[in-house]
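Everything on this sheet refers to the single structure shown next.
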Amino acid sequence: MIDLEILRNHPEILKNEVKKRGLDVDIDSGITMDKKRRSLIFEVEKIRAEKNEASKHIPALKGDQKKEKIAEMKQLNKKLELLEQDLNQLDRQFFSHMAHYPNISHESTPLGKDENDNVVVYHKGEKPQFAFTPKNHIALGRKLDILDDQRPAKVSGARFVYVKNEGALLEFALVQYVLNLLVDKGFIPMIPPTMVKQEAMYGTGFFPAEKTQYYKTEMDDLFLVGTAEVPLCAYHRDEFLPADDLPIKYAGFSTCYRREAGAHGKDMGGMFRVHQFDKLEMFIFSHPRNSWEQYEKLRAVVEEIMTNLGLHYRIMNMCTGDIGNPNAKKYDLEAWLPGQQKYRELASCSHDTDYQARRLNIKFRDGKYKDYVHTMNSTACAIGRTLIAIYENYQTKEGHIQIPRVLKPYMRGIETIKPK
RNA sequence: GGAGGGGUGGCAGAGUCUGGUUGAUUGCGGCGGUCUUGAAAACCGUUGAGGAUUUUUAUCCUCCGGGGGUUCGAAUCCCUCCCCCUCCGCCA
């Protein structure tokens, strides 16, 4: 949600933003609706005031005078009813139109059309060198029986996997390692609900823009979240957060569900692009005053995790055409996957300024001053893809996989994953 | 799933049967002040959110779990949904 003040007093900012992102949103019709809506509100409230005034006097009236007044009010109600109907309809139109407005991007977000215009900020770590041709995670995983992407066809269909044996152990090692690191940094560990109401999806900005990407339950009108960002953000819906408590930092673990609509044929096989995966997500509610500093710190945390796991990656500054509607800025962390000989997205770190806070009505109070909080989120560890990166980067000539140093304490003494 | 009870302002808790000037009594908490070396206590004052008009000042509207209805008028009456509590059933 955007501040209405921008629409009313600086519509050119919004129009420019829509253009920068290559969106098709008609700001002018929004302006027209808003004007009409406000004049209707004025009319309606005038009549209500008249009614309220009359109600005060009616009990004191007697006989014909009273009958007359009541009859008069009946007439007035008919008029009011019509106006209210118009207003309700217009309100609905206006707000569903507004729901498509994007956030205002940060000045440091590069202008661009699509993923090709994203900017490499820097590389971190060393690209691992292999004296042999490295395999991809699918070959490795099947051979070592730590990943089954075949049998899910019988059970669930395409784009599902069974994570098996040391693979499963490695997931819990990752969770333990990362969660401990985050708790040490002051993040509050959370296991949120993964089924949420439609309002949570709208509030976080995933709806209406990306509605086709998510699963809905048949009987209960609940949606399966694509990330813990949704329940973590909506957790404080309709609340005032004391300024002294900010920033509030959560580390949420959840399964994530994505329909991957429109991704036909992309990344088939293995577990790079699946309908279900587990993820540790960081979410921060911040004072607007220092939210951009918080944001850079947040990026540094994911980087620390990836670095400690010994992964080589690059940080991308995502362009206006490739960030989500709620994002003012977004970094992607792309790790090097030797099996693919490509950098692939492992984490993404977004600053949504007050966009989600407005939609979910989350404010802070600092003495008498009150305002919307800023929200930001970042992947801490997307388990599936991180497993892929570990498999491919830690593989040996024999097709074994070594356990990254920091995960060893959680691996029951296993140092290397070998064929059974 | 069955039976019963309940959802009111930051919290507690009246008001609902008997609809009318009640955005709502009261207590606590918060804020400001008096007093005090300071603090506490006491006393005085103040204290919700959102919206429209407006340069300011100010005026007005909406909100008593959500939605709908009855009425000139609803926190109060009716319908419906949701949530919480107690008991029973079922269950990881």
Side-chain angles (χ1 to χ4, degrees), chain A residues 1-10 30-99 191-203 216-223 231 234-246 248 253-255 285 354-373:
Chain A
M1 189 69 63
I2 219 68
D3 187 351
L4 272 180
E5 191 269 339
I6 297 177
L7 179 71
R8 288 169 187 172
N9 301 328
H10 304 285
I31 296 172
T32 310
M33 276 189 259
D34 181 49
K35 277 191 182 143
K36 198 168 162 202
R37 196 176 67 91
R38 282 195 285 169
S39 81
L40 263 177
I41 289 171
F42 187 76
E43 290 297 311
V44 164
E45 290 190 351
K46 215 166 63 180
I47 294 178
R48 284 190 189 145
E50 195 180 331
K51 274 182 64 175
N52 290 344
E53 189 59 26
S55 293
K56 283 183 198 169
H57 300 303
I58 284 178
L61 297 177
K62 292 264 187 300
D64 285 348
Q65 251 190 331
K66 188 166 187 170
K67 280 182 187 156
E68 250 173 57
K69 198 70 189 172
I70 288 173
E72 197 184 309
M73 287 303 108
K74 276 188 181 177
Q75 283 307 113
L76 197 59
N77 269 344
K78 282 182 191 158
K79 195 172 154 193
L80 179 63
E81 207 173 312
L82 291 175
L83 284 173
E84 280 177 335
Q85 273 171 18
D86 290 352
L87 180 58
N88 283 339
Q89 199 191 340
L90 193 54
D91 258 348
R92 274 200 300 275
Q93 266 176 29
F94 178 64
F95 286 108
S96 64
H97 177 258
M98 278 256 309
I191 302 169
T194 53
M195 298 167 79
V196 300
K197 297 181 186 181
Q198 176 156 280
E199 289 89 327
M201 297 301 283
Y202 268 99
K216 183 182 185 220
T217 62
E218 172 90 29
M219 310 291 286
D220 301 287
D221 289 337
L222 289 170
F223 293 83
Y235 183 63
H236 286 299
R237 179 183 174 187
D238 290 324
E239 289 184 24
F240 274 93
L241 307 175
D244 290 344
D245 292 357
L246 300 176
I248 300 176
F253 172 84
S254 84
T255 300
F285 296 89
D354 61 359
Y355 191 88
Q356 295 179 320
R358 281 181 189 282
R359 289 188 170 212
L360 285 166
N361 189 32
I362 305 170
K363 299 176 177 176
F364 69 93
R365 203 192 304 267
D366 194 352
K368 283 216 156 190
Y369 181 74
K370 51 187 198 249
D371 197 0
Y372 292 100
V373 296

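All chains are named by letter (A, B, ...) in the order of the sequence lines, taking the proteins before the strands, and each is independently numbered beginning at 1.
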[X] [atom1] - [N] [atom2] separation (whole Å):
{"X": "A/Ile41", "N": "B/G51", "atom1": "CD1", "atom2": "P", "result": "11 Å"}
{"X": "A/Leu76", "N": "B/C72", "atom1": "CG", "atom2": "P", "result": "12 Å"}
{"X": "A/Arg92", "N": "B/G67", "atom1": "CZ", "atom2": "C1'", "result": "12 Å"}

Identify whether any heavy atom of [X] sits under 4.0 Å from a base atom; if not, whether one sits that close to sugar-phosphate; answer base, sugar-phosphate or nothing.
{"X": "A/Lys51", "value": "sugar-phosphate"}
{"X": "A/Lys69", "value": "nothing"}
{"X": "A/Asn52", "value": "sugar-phosphate"}
{"X": "A/Ala49", "value": "sugar-phosphate"}

From C-beta outward on [X], which listed nucleotide comes closest to its side chain: [options]?
{"X": "A/Ile58", "options": "B/U21, B/C60, B/G20", "value": "B/G20"}
{"X": "A/Ser55", "options": "B/A49, B/A52, B/G20", "value": "B/G20"}
{"X": "A/Arg365", "options": "B/U21, B/G48, B/C72", "value": "B/G48"}
{"X": "A/Arg48", "options": "B/C72, B/U62, B/G48", "value": "B/U62"}
{"X": "A/Phe42", "options": "B/C60, B/A49, B/A52", "value": "B/A52"}
{"X": "A/Arg38", "options": "B/C60, B/U53, B/G20", "value": "B/U53"}
{"X": "A/Arg8", "options": "B/A52, B/U21, B/G50", "value": "B/A52"}

| message | Test of understanding: with side chain to side chain donor-acceptor pair (under 3.5 Å), list the residues that count as partners of A/Glu84, not counting sequence neighbours. | response | A/Arg48

| Between A/Glu53 and A/His57, is any side-chain donor less than 3.5 angstrom from a side-chain acceptor? |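 Result is yes, a qualifying pair exists.
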
| query | Can a side chain N or O of A/Lys363 be found less than 4.0 Å away from OP1 or OP2 on B/G50? | reply |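 Yes, because at least one side-chain N or O of A/Lys363 sits under 4.0 Å from OP1 or OP2 of B/G50.
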
| task | Give a yes/no answer on whether the side chain of A/Lys370 brings an N or O atom under 4.0 Å of OP1 or OP2 in B/G48. | result |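 So the side-chain polar atoms of A/Lys370 never come under 4.0 Å of the phosphate oxygens OP1 or OP2 of B/G48.
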
Any strand is fair game: report the nucleotide pairing with [N] by Watson-Crick or G-U wobble, both distances under 3.5 Å, or none.
{"N": "B/U59", "result": "B/A52"}
{"N": "B/A42", "result": "B/U34"}
{"N": "B/U86", "result": "B/A3"}
{"N": "B/G29", "result": "B/U47"}

